[in-house]
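In listed order, ligands and their atoms are each counted from 1.
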Amino acid sequence: MSTTASPKHAPHPSLGLHDDPRFVADVTGAEGLSSGVAVSYNPATGDPIAGVRLDSADSYERTLDEMTEAFRRWRAVPAPERGLVVRAIGEELRTHLDALGELVSLEVGKIRAEGVGEVQETIDIADYAVGLSRMVGGATIPSERPMHRMMEQWLPLGPIGVITAFNFPNAVWGWNAMLAAVCGDVVLWKPSLLAPLTAMATNAIADRVASDMGHEGVFRLVIGTDDEVGERMIADRRLPLISATGSCAMGRHVGQVVAGRLGRCLLELGGNNAVIVEPDADLDLALKSIVFGAVGTAGQRCTTTRRVIAHESIADELVDRMAKAYSTITIGDPLAEGTLVGPVIGQRTVDAYLDAIAQAKDQGGTVVAGGETVSPEGLGGWFVKPAIVRAPKGNELPIAMDETFAPICYVFTYSDLNEALAMQNSVDQGLSSAIFSGSVRTTERFLNVDGSGSDCGLAYVNLGTSGAEIGGAFGGEKDTGGGREAGSDSWKAYMRRQTCTINYGNELRLAQGIRFE
Ligand code: NAD
């Protein structure tokens, strides 16, 4: 592994952050959230980038009142016209693609290509939503009664709450907001306090475009603490849907509070994703996919490859090649040319990484690569070396059952495909899964239509676990929360279904042939 360094960066002036009344350029004295300011740090240097004034309970209430009004206006706009607003937002995001992508990198430490790629994902989902704005519709269903028509219509749901994780500070909002907007909902976004600047810049673009087209208040932002703003938001009956992305612990709590008021939740939570490598796999393909999946975004993707389950006949060769590939990775400033791995988000992640490595060793695991911190020259931030840990014989490695949100990849071996599948499905989470094999019998077993294959929401053949396209529904089962976002019919989560039955005859006919005379 080698390292790169480069000078500090600031948000690009074209994003207009300095003009936002919440923006605090000088954060001297703003230590701790009790100061009313959340400071955003550059994880590559450990230096503050800027601060953001926090919302209070009062400002939250005002925002919600305004949103309720905005929803009444927005839902009356025809869906294709709502699509034109989303199209204009996509166009505006295109003009800010590089600046916004760079801000993502600056604030959360992913490399520039991934920062820009994330904003591109929001642009893609905007395009998708524009098409959808002319397609959201329901079925006509045969009625059992003569001269009756039965049909479904899909109606706007209301103001919806979107809670986002730090690691996708732009795209997770995009997946939700672009669909919700064409569906006729207005969107209240509460971002992670680890990435408030990206949220401010992104929401400002959407809000400005919509307002210029005569639609104020469709996209609103609250930036506040979980105690004061988060709890208020999830308990708020004016928000019929809470879409929450983050850890399983957060989702368990949010899910319970929202269920307590009989609201709807869309939960996108943690993953513990595995790649199975069969003896007949194309190892070059598997290797590239595993390394990208395991070290990309410094192991801080929900879909990060956390476990490799390799057939015993190829495991040694695969681990050797992985270790060699890891030794060539450049770690450093995410905005510098040639960097493949940037920092992790903060000291807490460094501690979690070191703790997991120590536990893995205690449990008999062998660290084959990484396992320690690193200090790229000129950067004072939070860096760790991506690690490979080989499980002991018998595959007993309890630490691998948890999602440590850092670049650690555990390698297990197996002799029989059923054993590999059982290992893959043995964790609590069920987000992403992959198999590498040249045999259609094997891959069909992995995707088995009887449900006995992968138990995850995403299943890939000869592809890694991360890097989903927006056209499919994205999400996972079990402790991952069961939510689906982005493509396919995910839009249905943002609308309410109404089954309509119309009698165009002159007689009252009861269902099930009941006579009541
Ligand atoms: P986190 O759970 O710490 O925080 C996520 C969000 O929840 C933040 O905005 C936080 O402020 C908010 N939150 C926490 N408690 C809350 C409360 N009581 N009320 C309201 N909001 C509250 O997660 P994180 O560290 O930001 O992100 C990493 C986690 O997110 C990982 O587990 C990762 O796998 C997961 N993730 C999942 C997906 C997915 O699509 N499945 C995508 C990205 C990240």
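Near Gly230, with a cut-off below 4.0 Å to any heavy atom, the atoms of ligand 1 are 19 (N), 20 (C). Of all the atoms in ligand 1, the ones that sit under 4.0 Å from a non-hydrogen atom of Phe405 are 28 (C), 31 (C), 33 (C), 34 (O). Of all atoms in ligand 1, numbered sequentially from 1 with element shown, those under 4.0 Å from a heavy atom of His253 are 18 (N). With ligand atoms numbered from 1 in the order given, ligand 1 contributes 9 (O) to contacts under 4.0 Å with heavy atoms of Ser192.
Within the 4.0 Å cut-off (strictly below), a protein heavy atom is located near atom 11 (O) of ligand 1.
To the nearest 0.5 Å, atom OG of residue Ser247 and atom CZ of residue Phe405 are 9.5 Å apart. Annotation: the span from Leu239 atom CG to Met67 atom CE amounts to 7.0 Å, rounded to 0.5 Å. A distance of 5.5 Å separates OG1 of Thr245 from CD of Glu268, quoted to the nearest 0.5 Å.
Regarding atom 5 (C) of ligand 1, its nearest protein heavy-atom neighbour is Thr245 O, 3.4 Å. For atom 36 (N) of ligand 1, the closest non-hydrogen atom of the protein is Cys302 CB, 3.6 Å. Shortest contact from atom 41 (N) of ligand 1 to any protein heavy atom: Leu269 O, 2.8 Å. Nearest non-hydrogen protein atom to atom 18 (N) of ligand 1 is Glu231 OE2, 2.8 Å. In terms of protein heavy atoms, atom 32 (O) of ligand 1 is closest to Glu403 OE1, 2.7 Å.
Using a 4.0 Å cut-off between a side-chain N of Lys or Arg and a carboxylate O of Asp or Glu, Arg261 and Asp236 do not qualify as a salt bridge. Using a 4.0 Å cut-off between a side-chain N of Lys or Arg and a carboxylate O of Asp or Glu, Arg22 and Asp55 qualify as a salt bridge. The pair Asp489-Arg484 does not count as a salt bridge, with every side-chain nitrogen at least 4.0 angstrom from each carboxylate oxygen. Salt bridge status for Arg94 with Asp127: present, with a side-chain N to carboxylate O gap under 4.0 Å. Taking a cutoff of 4.0 Å between a charged side-chain nitrogen and a carboxylate oxygen, Arg301 and Glu118 do not qualify as a salt bridge.
For the side-chain contact (heavy atoms from CB on, under 4.5 Å) with Lys385, the lone residue among Ile331, Ile329, Thr373, Val341 that qualifies is Ile331. Applying side chain to side chain donor-acceptor pair (under 3.5 Å) to Asn272 and the options Lys478, Glu403, Gln424, Arg307 leaves one that passes, Arg307.
The shortest N or O to N or O distance between Phe166 and ligand 1 is below 3.5 Å. Checked against a 3.5 angstrom limit, the closest N/O atoms of Cys248 and ligand 1 fall outside it. Remark: ligand 1 and Ser247 share an N or O pair separated by less than 3.5 Å (distance only, no angle test).
Taking each of Val172, Asp226, Asn273 in turn, the one with a heavy atom nearest to atom 14 (C) of ligand 1 proves to be Asp226. Closest heavy-atom approach to atom 35 (C) of ligand 1 within the set Gly475, Ala165, Gly246, Pro191: this belongs to Gly246.
Contacts of Met250 with ligand 1, taken as heavy-atom pairs under 4.0 Å, involve the side chain alone. Contacts between Asn167 and ligand 1 below 4.0 angstrom, taking non-hydrogen atoms only, involve the side chain exclusively. Counting heavy atoms under 4.0 Å from ligand 1, residue Ile163 touches it through the side chain alone. Proximity of Met233 to ligand 1, defined as any heavy-atom pair under 4.0 Å, is not found for any part of the residue. Using a 4.0 Å cut-off between heavy atoms, Gln300 makes no contact with ligand 1 at all.
If you check the side chains of Glu107 and Asn42, you find no donor sitting under 3.5 Å from an acceptor.
Residue contacts with ligand 1 include Thr164, since one of its heavy atoms falls under 4.0 Å from the ligand. Contact between Lys190 and ligand 1 is present, with at least one heavy atom of the residue lying under 4.0 Å from the ligand.
Counting only heavy atoms from C-beta outward, the side chains of Pro43 and Val108 never approach each other to under 4.5 Å.
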request  = Decide yes or no on side-chain hydrogen bond (donor to acceptor under 3.5 Å, both in side chains) for Ser433 and Ser454, but give the supporting numbers first.
outcome  = CA-CA 7 Å; Ser433 59; Ser454 162; 2.7 Å; yes
